[in-house]
Chemist: 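Supplied in structure tokens, the structure appears directly below.
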Number of protein chains: 2
Amino acid sequence: MKQKEQLCQFKLMASRDALEVIQGKWRIPIIISLTYGNKRFGEIQRDITDISPKMLSQELKALEAYKIISRTHYDRERVSNVEYSLTTLGQSLHKLLEELLNWGVFFRNEIVNKNITP
Amino acid sequence: MKQKEQLCQFKLMASRDALEVIQGKWRIPIIISLTYGNKRFGEIQRDITDISPKMLSQELKALEAYKIISRTHYDRERVSNVEYSLTTLGQSLHKLLEELLNWGVFFRNEIVNKNITP
DNA sequence: GTAATTGGTTACGTATAGGTAACTACTATA
DNA sequence: TATAGTAGTTACCTATACGTAACCAATTAC
């Protein structure tokens with residue numbers, strides 16, 4: 001009985017830690033975009049068509065602060081040559097992302113396509 | 001090349017579908033609480049100590065609308081006897097939750113305990 | 001009869017997440 | 001020389017997520 005409650009509390013804490021990092025409309029999409037290779041600012045923007053430069057810039061900075069992605073400025077000569085990539089910590093999200101995607105597809109089939117739309 | 005982009009777009013869509021449902025500060029915690037058995041309003045509130053009745057009520061309704069949980073009012077005689085439980089759709093989230101928790105624990109070890117706190 | 005518990009609701013306020021649009025500085029191309 | 005593309009920044013505004021506090025109706029316990 002008490003063990004069950006302690007386990008529940010532990011899981012609630014862990015979920016908060018994780019959510020703090022991936023919460024928000026844009027972070028998961030940005031990470032997904034970067035699983036397809038290192039990308040530049042504009043490339044990410046072209047993947048996620050409806051993100052504004054402001055939000056992209058802001059969320060990239062946040063993810064960098066959390067060590068999920070890293071920003072590299074190759075070739076000092078050319079100013080506009082920046083690349084974003086997943087860190088190993090960022091890559092460690094891949095199982096979680098996979099489950100999220102699986103469930104998203106499953107959910108769409110279960111609910112959206114059956115017109116039980118909420 | 002083009003296949004890669006299409007796959008990326010597909011995943012971006014799927015992640016949006018999933019995020020729409022589980023987005024927010026309280027939904028995942030509520031679902032976690034309910035993985036430990038059917039619970040009453042007050043029991044969930046006692047699990048998630050800092051949620052207000054307003055938010056709990058609001059998020060329970062939202063999750064019910066998405067068919068993730070169901071509300072059952074046993075025993076018509078007694079008014080205050082309501083139970084919330086996960087639907088099968090809600091239970092289908094368990095792998096995703098597991099990965100979220102695993103990653104949350106991993107992240108805490110990687111970042112928080114090493115005082116590279118963002 | 002009164003207090004406590006159950007399962008909420010309502011009104012109100014704040015904070016933050018997110019959107020829009022315009023602008024910057026530099027480079028490359030035509 | 002003008003235009004377009006690079007990678008953003010800034011100011012401003014809105015919507016909604018979330019918090020606080022008080023309240024309600026019914027039931028049960030004292």
Chemist: Is there a side-chain polar atom (N or O) of A:K61 under 4.0 Å from OP1 or OP2 of D:dA7?
Modeler: no
Chemist: Roughly, in whole Å, what's the span from CZ in B:R40 to P in C:dG8?
Modeler: 11 Å
Chemist: To the nearest angstrom, how far is B:L60 atom CG from C:dG8 atom C1'?
Modeler: 10 Å
Chemist: Within less than 4.0 Å of OP1 or OP2 of D:dG8, is there a side-chain N or O belonging to A:R71?
Modeler: yes
Chemist: Using atom CG of B:L19 as one end and atom P of C:dG18 as the other, report the distance to the nearest whole Å.
Modeler: 11 Å
Chemist: Which is more 5' along DNA chain C, the nucleotide nearest A:E59 or the one nearest B:Y84? Just name the residue.
Modeler: B:Y84
Chemist: Count the heavy atoms belonging to other residues, nucleotides or ligands that lie under 6.0 Å from OH of B:Y36, then report whether that count exceeds 12.
Modeler: yes
Chemist: Side chain of B:P53, heavy atoms from C-beta onward: which of D:dG19, C:dT9, C:dG18 has the nearest atom to it?
Modeler: C:dT9
Chemist: When you measure from the side-chain N and O atoms of B:R27 to the phosphate of D:dC18, is any distance below 4.0 Å, counting only OP1 and OP2?
Modeler: no
Chemist: Closest heavy-atom contact between A:R27 and A:E20?
Modeler: NH1-O, 3.4 Å
Chemist: Is the distance from OP1 or OP2 of D:dG8 to the nearest side-chain N or O of A:S57 less than 4.0 Å?
Modeler: no
Chemist: Shortest non-hydrogen contact from B:E43 to B:N38?
Modeler: OE1-O, 4.4 Å
Chemist: Taking all atoms of both residues into account, what is the closest heavy-atom pair of A:I22 and A:L96, and its distance?
Modeler: CD1-CD2, 4.4 Å
Chemist: In whole Å, I'd like the distance from the CG atom of A:L56 to the P atom of C:dA17.
Modeler: 17 Å
Chemist: Atom CZ of A:R46 to atom P of D:dA4: distance rounded to whole Å?
Modeler: 16 Å
Chemist: Round to a whole Å and report the spacing from CG of B:N81 to P of C:dG8.
Modeler: 11 Å
Chemist: Without decimals, in angstroms, what is the distance between A:D50 CG and C:dT20 C1'?
Modeler: 14 Å
Chemist: Separation of B:M55 atom CE from C:dT10 atom C1', in whole Å?
Modeler: 15 Å
Chemist: What heavy-atom pair brings B:R16 and A:D50 nearest, and what distance separates the two atoms?
Modeler: NH2-OD1, 2.9 Å
Chemist: Return the nearest nucleotide to the side chain of B:K25; candidates are C:dG7, D:dT6, D:dG19.
Modeler: D:dG19
Chemist: Judged by each residue's nearest nucleotide on DNA chain D, which is more toward the 5′ side, A:Q23 or A:G42?
Modeler: A:G42
Chemist: Does the C:dG19 base have a donor-acceptor partner in the side chain of A:K54 within less than 3.5 Å?
Modeler: yes
